[in-house]
Amino acid sequence: AIILAKHNRMSEALRQYERARQVFESLSSFHDLEAYGGNANEIGPFAFDITLIDLNIASIKSKLSNYQGALESYERGVEGLRLHIHNEEAGPEPIDFNRQVAQKRHLVSAIGRIGSLRMKLKDNAGALQAYLMLLKEVDKSSPVASQMEKAKAHVKCATIYRQMGSADNNVHAVLHLQEALDMYTELHGVSHKDTKAIASSLKQWQKADSASAA
């Protein structure tokens, strides 16, 4: 499946990933599938393998413009990652921090993709919920890639709130765009084109809101 995807043979790669997922689910049945409520992602021995396959399936379905199917696979992947991270943190074994950082990075990326797919599906309320969820997953200790995801999520939240209109939503929009500006400035510097574009939009919004309030 990996080789097929690299050669842009997406439909064939998708079939291989789906077959692999079926194999892992069948193997899970030998480990008391009923104990996992019929969900192989729960805490079974092949849970993480299935989660990674779900994320790959989601990526391919998105490239094939099957946005609803991609969304469902990403949501399964996010659920699987959350379970895996929780189980590691609650388990008796020492936490492999490098592995957990990688898992959390995958989690943040997948939530971001959920937001993007919901926007493609014209579900702005669902997209906003996803982006707000992403913001909670990233803190100062998160890797730069996740920090960038958070900065972009602030921009998306700002845009959605602005499109929703109303004075309250405009306040939220400005707050998120200010957060985005702070992050872009820290990550890219004041001279970066994206930082300048966000700063310009922020000034325009603040000017428009002041004029409306007058």
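In this chain, residues are counted from 1 in sequence order. These figures come from a predicted structure and were not determined experimentally. Keep in mind that the numbers below use all heavy atoms, side chains included, and drop hydrogens, waters and symmetry copies.
Between Glu149 and Lys156 there is no salt bridge, since no side-chain nitrogen of the basic residue lies less than 4.0 Å from a carboxylate oxygen of the acidic one. Salt bridge present: Arg99 and Glu88 bring a charged side-chain N and a carboxylate O closer than 4.0 Å.
Not one N or O on the side chain of Ser200 forms a donor-acceptor pair closer than 3.5 Å with the backbone of Lys196. For the pair Ser109 (side chain) and Arg105 (backbone), a donor-acceptor distance under 3.5 Å is absent. Judged by distance alone, with hydrogens and angles left aside, the side-chain atoms of Thr185 form a donor-acceptor pair with the main-chain N or O of Leu181 at under 3.5 Å. Side chain of Asp123 to main chain of Met119: no donor-acceptor pair is present (N/O by atom type, distance under 3.5 Å, no hydrogens or angles).
Contact detail for Ser142 and Glu137: the closest heavy-atom pair is OG-O, 4.1 Å. Scanning both residues, Ser73 and Ile57, for their nearest heavy atoms gives OG-CG2, 3.5 Å. Between Leu134 and Ala153, the shortest heavy-atom distance links the atoms CD2-CB, 3.9 Å. Arg21 approaches Asp54 most closely through the heavy-atom pair NE-OD1, 2.6 Å.
Side-chain contact of Asn56 with Ser59: a donor-acceptor pair under 3.5 Å is absent, judged by distance alone. No side-chain donor from either of Asp96 and Gln100 sits under 3.5 Å from a side-chain acceptor of the other.
In this structure Glu75 satisfies the side chain to side chain donor-acceptor pair (under 3.5 Å) test together with Arg118, sequence neighbours excluded.
Ile85 and Phe48 fall within the same hydrophobic cluster, where Ile, Leu, Val, Met, Phe, Trp and Tyr residues are linked whenever their side-chain heavy atoms come under 4.5 Å apart, directly or through other members.
Taking NE2 of His172 as the reference point, atom CG of Leu128 lies at 9.5 Å (rounded to 0.5 Å).
Two rings, from Tyr184 and His192, have their centers 6.0 Å or more apart.
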(message) Evaluate Lys104 against Glu89 for salt bridge (charged side-chain N to carboxylate O under 4.0 Å, His left out), listing each step before the verdict.
(response) CA-CA 12 Å; Lys104 289 183 177 181; Glu89 291 177 342; 3.7 Å; yes
